[in-house]
Amino acid sequence: MGDATLLKRPAEAISTPVAFAAGVQSVALVDVVPRGLVTGGAALDAQVAVNQAGVRLDLAGGADGERYRVVLLGTTASAQELQIEVEVLVIDPDWIMPDGGAPWLSIDAFVRRFGLDEVVRMTDGRGDGRIDRDLLVATLIDAQAIAEASLATKYALPLAVVPPIVQTIVADLARARLYPGGAPEGVTEQAKAAMRMLERIQSGAMTLAVEARPADAISETPVMIAPGRRAYPDGLAGY
């Protein structure tokens, strides 16, 4: 039996390979079970197919914020049965900065980087097994704002392309900020390393392959300074 976690948007349809053991000749869909995190949510449609390329799982629909357990049963030529459970998280990964700017790290990229279990553990204040999307977005906004403040001194914002190292910085800063009672030592060290990288970027010791900030425009219009008289000729003597 194996385990995997898939992430998909509510409105998208995805087709993904499933790693069954060699020799599986047929695969049946046993069940699709929602965890019940979303009341009255849309069902997840699942279809499975086997061809020469292997086993593929096609998914469509699902409710935003819900987690589903998809159970597949494979059968080999010797009639041996192998079961695999695939966990599917349906989530809207998109968000924007307060000023309308594009995110440098999406929610699904954050979840893939650190794992669903940890992200749920860090954000699930209600204890219902769901990612607190508002909390996660607020933390990503804070982390990106910190990074933007450093990059703005050297590079033109918004970034046309976000370098992977910048995504790592935002991810590590956000991760540490999701531990209000104090992050584990390894998480704290990664956040400190991210801040050191921002300092190096700001100082110019570390460069990014993105468009540099243009030099401040210098006005060609001369500034005329005319001599005048003092507002208080006596210099406020005796005041």
Side-chain angles (χ1 to χ4, degrees), residues 1-20 24 27-50 54-74 81-98 102-144 167 170-172 174-180 183 187:
M1 177 176 173
D3 296 287
T5 302
L6 297 175
L7 278 69
K8 70 175 293 295
R9 299 167 183 258
E12 77 174 338
I14 64 173
S15 180
T16 183
V18 179
F20 264 97
V24 169
V27 177
L29 176 66
V30 176
D31 206 355
V32 179
V33 184
R35 292 190 56 174
L37 306 178
V38 179
T39 303
L44 178 70
D45 179 60
Q47 304 289 333
V48 64
V50 182
V55 180
R56 296 202 69 83
L57 179 63
D58 298 330
L59 300 169
D64 185 18
E66 183 62 277
R67 294 165 68 177
Y68 302 84
R69 182 168 57 91
V70 180
V71 183
L72 306 175
L73 185 65
E81 293 185 340
L82 303 172
Q83 181 173 298
I84 281 184
E85 294 183 3
V86 180
E87 183 169 28
V88 180
L89 169 64
V90 179
I91 191 167
D92 179 4
D94 298 324
W95 57 278
I96 60 173
M97 293 290 285
W104 289 355
L105 188 72
S106 66
I107 291 175
D108 53 345
F110 186 85
V111 173
R112 288 191 176 96
R113 184 179 293 265
F114 299 120
L116 177 60
D117 289 342
E118 180 177 352
V119 178
V120 170
R121 188 168 61 252
M122 290 188 295
T123 65
D124 181 18
R126 296 181 296 268
D128 58 7
R130 293 184 64 181
I131 292 175
D132 185 334
R133 190 179 187 282
D134 291 341
L135 173 60
L136 180 54
V137 168
T139 305
L140 288 169
I141 287 173
D142 289 345
Q144 181 166 327
Q167 293 180 327
V170 172
D172 288 343
R175 185 188 189 193
R177 294 176 72 87
L178 284 171
Y179 288 91
V187 175

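Hydrogens, waters and symmetry mates play no part in the numbers below; they use all other heavy atoms, side chains included.
- Considering every non-hydrogen atom in both G129 and L37, the closest pair reads O-CD1, 3.7 Å.
- If you run side-chain hydrogen bond (donor to acceptor under 3.5 Å, both in side chains) between R9 and each of D94, D64, D92, D108, only D94 comes through.
- To the nearest 0.5 Å, the span separating CZ on R133 from CG on L135 amounts to 12.0 Å.
- Remark: side-chain polar atoms of D31 are not paired, donor with acceptor, to backbone N or O of V71 under 3.5 angstrom.
- Contact of the L178 side chain with the F110 side chain is registered, since non-hydrogen atoms from C-beta on lie closer than 4.5 Å.
- R175 is listed as a side-chain neighbour of E118, based on a closest heavy-atom distance under 4.5 Å.
- Here the CD1 atom belonging to I91 is positioned 12.0 Å from the NZ atom belonging to K8, to the nearest 0.5 angstrom.
- Looking only at side-chain heavy atoms (C-beta outward), L73 and F20 stay at 4.5 Å or farther from each other.
- The two residues I141 and P98 come nearest to each other via the heavy atoms CG2-CD, 3.7 Å.
- Proximity of R67 to V120: side-chain heavy atoms (C-beta onward) are separated by under 4.5 Å at one or more points.
- Looking at heavy atoms from C-beta onward, V70 lies in side-chain contact with L44 at the 4.5 angstrom threshold.
- Within the 3.5 Å criterion, the main-chain N or O of A102 finds a donor-acceptor partner in the side chain of Q144.
- L140 has its side chain within reach of I107: a pair of non-hydrogen atoms, C-beta onward, lies under 4.5 Å apart.
- Residues I131 and L89 have side chains in contact (heavy-atom distance under 4.5 Å, counting atoms from C-beta outward).
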Full working for side chain to side chain donor-acceptor pair (under 3.5 Å) between T139 and R177: CA-CA 7 Å; T139 305; R177 294 176 72 87; over 6 Å; no
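- T16 pairs in a side-chain contact (heavy atoms from CB on, under 4.5 Å) with only one of the listed residues (V55, D58, V88, L6), which is L6.
- Considering I84, V50, V18, L82 as possible partners of V27, the one that fulfils the side-chain contact (heavy atoms from CB on, under 4.5 Å) test is V50.
- The side-chain heavy atoms of V30 and L72, taken from C-beta on, include no pair separated by under 4.5 Å.
- Put simply, the side chain of E66 gets close to the backbone of V38: a donor and an acceptor are under 3.5 Å apart.
- Smallest separation of non-hydrogen atoms from A176 and A183: O-CB, 4.1 Å.
- Scanning both residues, L105 and W95, for their nearest heavy atoms gives O-NE1, 3.0 Å.
- With rounding to the nearest 0.5 angstrom, the CD atom of Q47 is 11.0 Å from the OG atom of S15.
- Side chain of Y68 to main chain of A63: a donor-acceptor pair is present (N/O by atom type, distance under 3.5 Å, no hydrogens or angles).
- Residue D124 comes nearest to G127 through the heavy atom pair OD1-N, 2.8 Å, listed as atom of the first residue, atom of the second, then distance.
- Contact record, A174 with A143: N-CB, 3.6 Å, taken as the closest heavy-atom pair.
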